2 protein chains.
Amino acid sequence: MNPMTAARSPLSPADRPQLGLRERKKIKTREAIRTATYALIKEQGYDATTVEQIAERAEVSPSTVFRYFPTKEDIVLTDEYDPLMVEELRARPAGEPWIDSLRHVMRLALDGTMAEDPEAIRVRAHLGVQVPAVRARMLESMSETGRMLREAIAERSGLAADSLQVRVYAMSLIGGLMEVSMYWAENGFEGDLRDLVDQALDVLDQGLPTKKP
Amino acid sequence: MNPMTAARSPLSPADRPQLGLRERKKIKTREAIRTATYALIKEQGYDATTVEQIAERAEVSPSTVFRYFPTKEDIVLTDEYDPLMVEELRARPAGEPWIDSLRHVMRLALDGTMAEDPEAIRVRAHLGVQVPAVRARMLESMSETGRMLREAIAERSGLAADSLQVRVYAMSLIGGLMEVSMYWAENGFEGDLRDLVDQALDVLDQGLPTKKP
DNA sequence: TAGCTTTTGAGAGCTACTCTCATTTCATGG
DNA sequence: CCATGAAATGAGAGTAGCTCTCAAAAGCTA
């Protein structure tokens, strides 16, 4: 799920001789652009950072930046994990309630990311709160993930993946999960994100705890 | 709620002498810009329509267009209803389950819009499906509405409006409702949008119908 | 090393959007 | 009804994201 996923490729460094020099260079360039972007944003903020500056620091031309990332927001947000998560989701036992499957997959993704680049996850959430364009792009990319979710839900519920019910349900999950990282960032990154996700999934599964019976 | 709300001001035409000439002109200009935009988009599509063209057809300068609408997307999406809906929501009896309140308010807004400008509602949904930027802006504006929703939910649930639970719940409703208009547009605007909203609210309230017990 | 393919850089161009400043247009009190 | 102040407009320059084209550079293959 996007806002809480790794920035750096899981196949990260370029020290793998089985790939041709060309491929290795491409990976390096990608990383250079991202690193430069993160650094500049940390120094100057998102809006004040231009693609030209990013290109300069990454030692490539602006054209190349756009060749690697379709938009400036994508430099911050792209992750290579989503496809993996979908597989993982599909691999869960068919009898398992989808909320549990989701819980499992989310935790997996979060753990993986935390281990690899605990900074990125925070930076993203933070930018999501501050920069509308980034938040928008985040929602976009999450709703793409939502489309995949549909199928998993459909399989388990017996409903059609493109039925109104399944679509609404999937998108409501996405919306709820999105809000978690917003909440986390707005409250100074307090607490363990994974616990927050758990709580959110409880709400999404069972509704709000009824406090006045 | 945004994507299904009126394009034209509920206080529409400029034939109200109690307002000064200045105010009446402003309303007229707003309408001229919106009308021009809708027409041009119908002719050429969203991306092919430039702000310059809009300005020309509306007989104002491009500067003026941006003075009235912060972004091009806003020309299509802005509505003056959201505040009204929040009031309406708050006016519902305190004992009523919020889902019913929401249902009521949504139906109200939809009926109002249908009566005033049945075209706009379709155009918006359609653009939401086709143009990522518009969809993004739609989501943005809906999540603003979601912030208001929080308070109504908080009042009725006894939880804090800014608690994780309430925020997640509110945003999941928003996500679900957003998906309705996407679904509607993608399926050729078949069926009554209000019925679809009703069905969506059922799902959001009770979860998916369990078809294999 | 020669020839082919892919990647890159340079640069022109478009458009959304911002800002400034002079001009016009409305409002108002004498 | 006109003079003065306030608000809205237009013109224009400027920025930045993003696209496209084309020629040079770099890696690949034989």
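So that the names make sense, note that chain A is the first sequence line, chain B the second, and so on, each numbered from 1. Please read all numbers here as calculations on a predicted model, not as lab measurements.
- A:R150 and A:S163 share no side-chain donor-acceptor pair at under 3.5 Å.
- Side-chain contact between A:R34 and A:R30: present, with at least one pair of heavy atoms (C-beta onward) separated by less than 4.5 Å.
- Residue pairs that meet the ring pair (Phe, Tyr, Trp, His ring centres under 6.0 Å) test with at least one member in residues 112-148 of chain A, sequence neighbours left out, do not exist here.
- Rounded to whole Å, atom C1' of D:dA8 lies 17 Å from atom CD of B:E59.
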(request) Could you encode protein contacts along nucleotides 19-30 of chain C as a string, one character per nucleotide from 5' to 3', using B for base contact, S for sugar-phosphate-only contact and - for no contact, with a heavy-atom cut-off of under 4.0 Å? (result) ------BBS---
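- Checking C:dT8, C:dA16, D:dA8 against the side-chain heavy atoms of A:T29 singles out C:dT8 as nearest.
- Remark: B:R122 pairs with no residue by the side-chain hydrogen bond (donor to acceptor under 3.5 Å, both in side chains) rule, at least two apart or across chains.
- The CD atom of B:E52 sits 9 Å away from the C1' atom of C:dT15 (whole-angstrom rounding).
- Atom-to-atom, CD of A:Q44 to P of D:dA16 comes out at 11 Å; the value is rounded to the nearest Å.
- For B:S61 and D:dT9, the shortest distance from a side-chain N or O to OP1 or OP2 is not below 4.0 Å.
- With rounding to whole Å, B:Y68 atom OH is found 18 Å from C:dC17 atom P.
- Heavy-atom contacts from other residues, nucleotides or ligands closer than 6.0 Å to CD of A:E43 number more than 12.
- Of the candidate nucleotides D:dT9, D:dC18, C:dA16, C:dA16 has the atom lying nearest to any side-chain atom of B:T50.
- When the P atom of D:dA8 is taken as reference, atom CD1 of B:I27 falls 13 Å away, rounded to whole Å.
- To the nearest angstrom, C1' of D:dT9 lies 16 Å from NZ of B:K28.
- The shortest distance between the side-chain N/O atoms of A:K72 and the OP1/OP2 oxygens of D:dA16 is not below 4.0 Å.
- In this structure, of D:dC18, D:dG10, C:dG9, it is D:dC18 that holds the atom nearest to the side chain of A:T71.
- Going from atom CZ of B:R24 over to atom C1' of D:dA7 covers 16 Å, rounded to whole Å.
- By the 6.0 Å contact criterion, CD on A:E59 is open, its count of non-hydrogen atoms from other residues, nucleotides or ligands being 12 or less.
- As a whole-Å value, the separation of A:F66 CZ from C:dA10 C1' is 15 Å.
- With a 6.0 Å cutoff to the six-membered ring centre and a 45° limit on the axis angle, B:K72 counts as a cation-pi contact of B:Y46.
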